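To start, the structure itself, in structure tokens.
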2 protein chains.
Amino acid sequence: MKPTIKDIAAETGFSIATVSRVLAEKRGSYSDKTRDRVLKVAKELGYRKNTLAMELVKKKTDVIAVIVNVTPTNFSNGIIDGIQERATALGQQVIILYAGNRNHALQHQAIITALERSVSGILLMAIEPDKDDLRLLTEARTPFCFVSVNLADERIKSVSSDNYQAAYQATEYLIAHGHRRIGLVGIDQYHTGSQRRSGYQAALKDNHIQGKASWIQMGDYSYQAGQAAFKPYQQMAVTGVVAASDMTAAGLQKAAQINGLELPMALSVVSIDGTLICDIATPALTSITQDFTRIGIESVNCLVGENATQLVPVTLTERDSVMKYVE
Amino acid sequence: MKPTIKDIAAETGFSIATVSRVLAEKRGSYSDKTRDRVLKVAKELGYRKNTLAMELVKKKTDVIAVIVNVTPTNFSNGIIDGIQERATALGQQVIILYAGNRNHALQHQAIITALERSVSGILLMAIEPDKDDLRLLTEARTPFCFVSVNLADERIKSVSSDNYQAAYQATEYLIAHGHRRIGLVGIDQYHTGSQRRSGYQAALKDNHIQGKASWIQMGDYSYQAGQAAFKPYQQMAVTGVVAASDMTAAGLQKAAQINGLELPMALSVVSIDGTLICDIATPALTSITQDFTRIGIESVNCLVGENATQLVPVTLTERDSVMKYVE
DNA sequence: CTGAAAGCGCTAACAT
DNA sequence: ATGTTAGCGCTTTCAG
């Protein structure tokens, strides 16, 4: 059996209360001699605190649960790094619960799991909640914050990049390079996708370009979504494309090249993300770069009640995937 | 205050024991009528079970902790998928603890965290343990298994690809394509790296090629490690390279292209991993492909005592990054 | 500075 | 089928 404070108490002759105090470092409530003796015996016995028991009596935990929707793209690592960094600084542990990809049952279950573990806060990453999820979250008294998804509801906390701006800037960049037939590929039907669509459409409109519905190719931010869009784009003679993710951009470029196009001459691409994939792809992808670490950090801030930036700005990173278009 | 079984007991008039029984679905120990009443009140009150309390009294949890070393490459997602899949089938939850990259303090702390939470098992992914880690793990009575690292110690459980074979096959493939000056880039000094080095060296030896120490460029499996190796390789006129990861391979190819080389004519590359990066890179990377999902599944099996495959076989996937070499 | 005692929310004998 | 009771390992008054 694992040793408990009782064993230490028996061994040292102190009461369990005293042992508890030194182990919890309640300073000023025990003498140095007592402390040394307790610590020594604890070490000898190979004592490990039972966090479960502690959390039960304290009725609080120092753990933040991150529930992540596993999108078929690769942006999440940076965010998790940021979360980890800030959480550690605040003395919180981080546990990550994977919820599959757009899997309602798993997603709901993950929220319940987090709630039943009495975590101190819940971060929902790339998650689109349904009514039940939202009810569950609001009824519990656990703080929560959506990450990388902006639900466009003032009452619900979220931290994400400015999706509208991201798409707007990407589209404008292509327009500034002479493109007039501009696609948007890989976005989904949810909040993030819709916001990017709005930004894209606004940029077209502000520049007096009459967009076509077919220029928007829906998808799931994946490499495959990019590949699949190439043929349609070729048929409609699109010259520049805003891709919803680096993965999607890479897929589109690859399909174009396999079909004999010379890039970026025959097709310009701007991706949204700015991960290492941009450097790996050929030509290197010009991107709207998200500040993932910052998003992670701010989301933890949001959770602990500090006022956090809810819309993290994006920046443009020029690489080699866009070429000036001349008729 | 959150409602507890006490509240349900008070409301229904039953004892807490009965409430506990129906909530825990101890079938046969309560009537249908009782169950309906209890469940109804539980729902009305918005009752959520306190997992902490349950785990404390049961002295066991149904959670597997995955401690992951964040390597600067991208192989881990597939493994986690496999772990998740198998764990869910076994009724276990999965929590993931990030331990930074080769950060001894964080790594040790993560093990302690897992132990103090009384998890049912610990999976250590891409982790190189030191003496203290190993002592901690063996002294606790918690099952553990190393994943994607083979410690070459019969007494310590691990599941990984056959690193020796992976490097051997990659090297032989290049030799079969006429290469004689073959590099190995991106490996580290730890077990995985050493095992791959052995396989590489054995393949050279078996084919009567006298290797040079400088053909081996150490690294950390990163994109940057690949980039950094290009110049040295160019100077020593290496014609084929085995890369320790897809990321490293991509970095090497990119550096070569930036320096004006035509690939794969001027340099052939085989990578070890076989992730989507292989398709994104240009030319698409021929790879020794690891079965990540299988590794994840087997590692969970290993934990729960089923006899698991400890060395998961790799396969060769031909793409476009290797060209026949002729003098 | 230390100890005794009362729980945290739940489960598991042991009764009935 | 249900209730009573005794904890799980820890923290925290309240006394002294």
Side-chain angles (χ1 to χ4, degrees), chain A residues 1-39 41-42 45-63 112 115-120 140-142, chain B residues 1-39 41-42 45-63 112 115-120 140-142:
Chain A
M1 282 289 78
K2 275 190 182 179
T4 71
I5 53 171
K6 235 184 204 158
D7 299 316
I8 301 179
E11 183 69 23
T12 58
F14 290 111
S15 69
I16 59 165
T18 299
V19 174
S20 172
R21 288 189 189 102
V22 355
L23 259 21
E25 298 184 60
K26 291 258 177 283
R27 293 174 28 169
S29 67
Y30 49 80
S31 71
D32 285 5
K33 231 171 51 189
T34 304
R35 184 202 50 205
D36 293 346
R37 177 98 186 93
V38 168
L39 259 26
V41 171
L45 263 38
Y47 172 79
R48 295 251 141 261
K49 121 175 334 171
N50 184 328
T51 309
L52 258 28
M54 191 203 73
E55 291 176 340
L56 177 60
V57 42
K58 287 204 165 176
K59 298 176 96 168
K60 71 180 275 276
T61 61
D62 287 331
V63 2
I112 292 178
L115 253 22
E116 291 185 344
R117 297 211 100 81
S118 319
V119 296
S120 64
R141 277 152 283 294
T142 309
Chain B
M1 279 291 77
K2 273 192 182 177
T4 70
I5 52 171
K6 238 183 202 158
D7 300 315
I8 300 178
E11 183 69 22
T12 58
F14 291 112
S15 70
I16 59 163
T18 298
V19 174
S20 171
R21 286 188 193 106
V22 354
L23 259 21
E25 299 185 60
K26 291 258 179 280
R27 293 174 27 169
S29 65
Y30 49 81
S31 70
D32 285 6
K33 229 170 54 191
T34 304
R35 183 201 52 206
D36 293 347
R37 178 98 185 95
V38 168
L39 258 27
V41 173
L45 262 38
Y47 171 79
R48 295 250 143 261
K49 131 175 322 179
N50 184 327
T51 308
L52 258 28
M54 191 204 74
E55 291 177 339
L56 177 60
V57 42
K58 285 205 167 175
K59 299 178 94 168
K60 72 179 276 272
T61 62
D62 288 330
V63 2
I112 291 177
L115 253 22
E116 291 185 343
R117 295 211 104 77
S118 318
V119 296
S120 64
R141 276 154 283 294
T142 308

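In what follows, every chain begins at residue 1, and chains take the letters A, B, ... in the order their sequences are listed. It should be emphasised that the depicted structure is a prediction, and the values quoted were computed from it without experimental measurement.
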Is any side-chain N or O of A/Thr18 closer than 4.0 Å to OP1 or OP2 of C/dG3?
-> yes
Closest nucleotide among C/dT2, D/dC8, C/dC10 to the B/Lys59 side chain | D/dC8
Kindly say whether A/Glu116 contributes a backbone atom to a donor-acceptor pair with the side chain of B/Thr51 at under 3.5 angstrom?
-> yes
Check whether any side-chain N or O of B/Lys6 sits under 4.0 Å from OP1 or OP2 of C/dC8, and answer yes or no.
-> yes
What is the distance from CD1 of A/Ile5 to P of C/dT2, rounded to the nearest Å?
-> 15 Å
Taking the side chain of A/Ala53 as its heavy atoms from C-beta onward, which of C/dC1, D/dG9, C/dC10 lies nearest to it?
-> D/dG9
Could you give the CZ-to-P distance, from A/Arg27 to C/dC1, as a whole number of Å?
-> 12 Å
Answer yes or no: is there a donor N or O on one side and an acceptor on the other, between the side chain of B/Asp36 and the main chain of B/Lys33, under 3.5 Å?
-> no
Taking only the side-chain nitrogens and oxygens of A/Ser31, find out if one of them lies under 4.0 Å from OP1 or OP2 of C/dT2.
-> yes
Can you tell which of C/dG9, C/dC1, D/dG9 lies closest to the side chain of A/Thr34?
-> C/dC1
When rounded to whole Å, the NZ to P distance for the pair B/Lys60 and C/dA12 reads 10 Å
Polar side-chain atom of B/Thr12 near backbone of B/Ile8 as donor-acceptor pair, under 3.5 Å = yes
Atom CG of A/Asp32 and atom P of C/dT2 are separated, to the nearest Å, by 10 Å
Think A/Ser20 has a side-chain N or O under 4.0 angstrom from the OP1 or OP2 of D/dT11?
-> yes
To the nearest Å, give me how far apart OH (B/Tyr30) and C1' (C/dT11) are.
-> 15 Å
Once you round to the nearest 0.5 Å, how far does CZ of B/Arg35 lie from OG1 of B/Thr18?
-> 14.0 Å
Out of C/dT11, D/dT11, D/dT12, minimum distance to the side chain of A/Arg21 belongs to D/dT12
Side-chain contact check for A/Ala17: nearest option of C/dG3, D/dC8, C/dC10 is C/dG3
Report the distance from atom OG1 of B/Thr34 to atom CZ of B/Arg21, rounding to the nearest 0.5 Å.
-> 10.5 Å
Measure from NZ on B/Lys26 to C1' on D/dA1 and round the result to the nearest Å.
-> 15 Å
Please figure out whether A/Leu23 or B/Lys58 has its closest DNA chain D nucleotide nearer the 5' end.
-> B/Lys58
Of B/Ser15 and A/Pro3, whose nearest nucleotide on DNA chain D comes first from the 5' end?
-> B/Ser15
Out of curiosity, B/Leu52 CG to A/Met54 CE, how far, rounded to the nearest 0.5 Å?
-> 9.0 Å
Side chain of B/Tyr47 (C-beta onward), nearest among D/dC8, C/dC10, D/dT12 = C/dC10
Answer with base, sugar-phosphate or nothing: what part of the nucleic acid does A/Thr4 contact at a heavy-atom distance below 4.0 Å?
-> sugar-phosphate
Sugar-phosphate, base or nothing in reach of B/Ile16, heavy atoms under 4.0 Å = base
Whole Å only: how far is the CD atom of B/Glu116 from the C1' atom of D/dC10?
-> 13 Å
Report the distance from atom CG of B/Leu56 to atom C1' of C/dG9, rounded to the nearest whole Å.
-> 9 Å
